[in-house]
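The structure presented is a predicted model; accordingly, all values stated were derived computationally and were not measured.
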Amino acid sequence: GAVVSQHPSWVICKSGTSVKIECRSLDFQATTMFWYRQFPKQSLMLMATSNEGSKATYEQGVEKDKFLINHASLTLSTLTVTSAHPEDSSFYICSALGGGEKLFFGSGTQLSVL
Amino acid sequence: GENVEQHPSTLSVQEGDSAVIKCTYSDSASNYFPWYKQELGKGPQLIIDIRSNVGEKKDQRIAVTLNKTAKHFSLHITETQPEDSAVYFCAAVRLNEKLTFGTGTRLTIIP
């Protein structure tokens with residue numbers, strides 16, 4: 001299947017700092033990527049839909065000024081958690097549409113905010 | 001919008017036995033049903049999928065069945081192995097809509 005690379009796999013940061021997470025589609029072009037958040041023992045919660053060359057579409061309740069998404073090319077989308085706080089600690093996962101409706105996921109990023 | 005229910009939430013199976021996970025969906029227009037396997041600390045991995053024009057699909061030890069009339073679909077894993085232990089998510093989606101995930105099933109294979 002298609003490969004989606006996500007970095008970093010884990011990050012620890014101080015409260016108030018910003019963290020950037022990268023998501024790359026390695027062997028296909030992805031006009032649409034998605035960002036999810038997952039709490040322990042729970043399902044995936046869609047945060048936003050990232051479209052190449054346009055503004056991201058955020059789900060209800062997700063602060064767009066806090067979770068900045070940039071999809072500048074067909075193979076790269078980034079999520080920046082700005083002014084991170086302990087409540088932002090979570091597992092963040094990106095995904096990309098590859099081949100019709102097939103959705104492929106990155107390996108996830110565990111964010112811990114101290 | 002779509003609502004996907006998944007059962008059971010946890011499942012323990014003796015190695016070599018079969019495991020079955022069931023999902024129901026609410027939107028009759030949903031036409032694509034993927035299943036994902038998520039290991040601890042990793043992203044979900046697509047393991048099998050089925051479209052609404054097909055009733056059953058098999059890939060080695062994994063099979064998925066779909067009943068459009070009853071709006072439910074199931075994942076079947078035969079001859080389970082320890083490496084099958086993971087959390088499994090079903091999902092449903094209609095064309096140009098966002099994927100809706102089930103709540104997940106934690107499968108444990110007992111050696």
Side-chain angles (χ1 to χ4, degrees), chain A residues 1-11 21-26 28 31-51 56-60 62 77 79 90-112, chain B residues 1-11 21 23 25 27 29-54 57 59 62 64 66 85-108:
Chain A
V3 178
V4 176
S5 176
Q6 184 174 344
H7 293 281
S9 56
W10 60 270
V11 58
I21 303 170
E22 291 190 350
C23 181
R24 295 179 184 273
S25 56
L26 295 185
F28 65 102
T31 55
T32 303
M33 291 185 175
F34 303 90
W35 287 95
Y36 293 84
R37 185 173 180 176
Q38 187 178 34
F39 293 103
K41 298 186 179 181
Q42 293 190 21
S43 189
L44 289 79
M45 181 185 76
L46 180 64
M47 298 175 64
T49 301
S50 170
N51 296 296
T57 304
Y58 290 82
E59 295 299 301
Q60 190 174 10
V62 178
S77 176
L79 168 68
S90 189
F91 193 56
Y92 294 87
I93 314 171
C94 71
S95 66
L97 280 173
E101 66 270 276
K102 287 186 185 288
L103 197 61
F104 297 95
F105 286 85
S107 53
T109 298
Q110 181 63 52
L111 171 63
S112 296
Chain B
E2 176 66 275
N3 182 48
V4 178
E5 294 189 358
Q6 183 173 346
H7 299 282
S9 57
T10 60
L11 178 61
I21 303 171
C23 289
Y25 61 100
D27 187 352
S30 288
N31 56 3
Y32 176 63
F33 308 91
W35 284 89
Y36 292 88
K37 175 183 180 182
Q38 186 178 25
E39 297 177 343
L40 188 64
K42 298 183 179 180
Q45 176 190 9
L46 179 66
I47 57 172
I48 196 167
D49 55 13
I50 192 168
R51 289 182 173 80
S52 58
N53 59 347
V54 176
K57 183 177 179 181
D59 183 3
I62 297 173
V64 57
L66 171 65
S85 294
V87 178
Y88 292 81
F89 291 98
C90 64
V93 66
R94 60 191 294 184
L95 186 65
N96 295 326
E97 293 290 325
K98 293 167 286 191
L99 213 61
T100 300
F101 287 93
T103 49
T105 297
R106 182 172 299 276
L107 174 63
T108 302

Given that the side chain runs from C-beta out, which part of B:E39 has a heavy atom under 4.5 Å from chain A: side chain, backbone, both or neither?
neither

In terms of heavy-atom pairs under 4.5 Å with chain A, which of B:Q45, B:Q6, B:R51 leads?
B:R51

Given a strict heavy-atom distance threshold of 4.5 Å, which part of A:T32 is in contact with chain B: side chain, backbone, both, or neither?
neither

Max heavy-atom pairs within cutoff under 4.5 Å with chain A, candidates B:T100, B:D49, B:V87, goes to B:D49

A:Q38 versus chain B, the contacting section by heavy-atom distance below 4.5 Å:
side chain

Which residues share a salt bridge (Lys or Arg N to Asp or Glu O under 4.0 Å) with B:R106, sequence neighbours left out
none

Counting only non-hydrogen atoms closer than 4.5 Å, does A:L46 touch chain B with its backbone (N, CA, C, O), its side chain (CB onward), both, or neither?
side chain

Under 4.5 Å from any heavy atom of chain A, what part of B:P34 do you find: side chain, backbone, both or neither?
neither

Shorter than 4.5 Å, heavy atoms on both sides: which option in B:G41, B:A91, B:G104 has the most such pairs with chain A?
B:G41

Going by side chain to side chain contact (heavy atoms under 4.5 Å, CB included), name the residues that satisfy it together with A:V62, two or more places apart in sequence or in a different chain.
A:M47, A:Y58, A:E59, A:F67

Check whether any side-chain heavy atom of B:W35 sits under 4.5 Å from a side-chain heavy atom of B:I21, and report yes or no.
yes

Under a 4.5 Å cut-off applied to non-hydrogen side-chain atoms, are B:V54 and B:F33 in contact?
no

Going by the angle between their ring planes, with limits at 30° and 60°, are B:Y36 and B:F101 parallel, tilted or perpendicular?
tilted

Check A:C94 against A:Q6 and note the closest heavy-atom contact, atom names and distance.
N-OE1, 3.1 Å

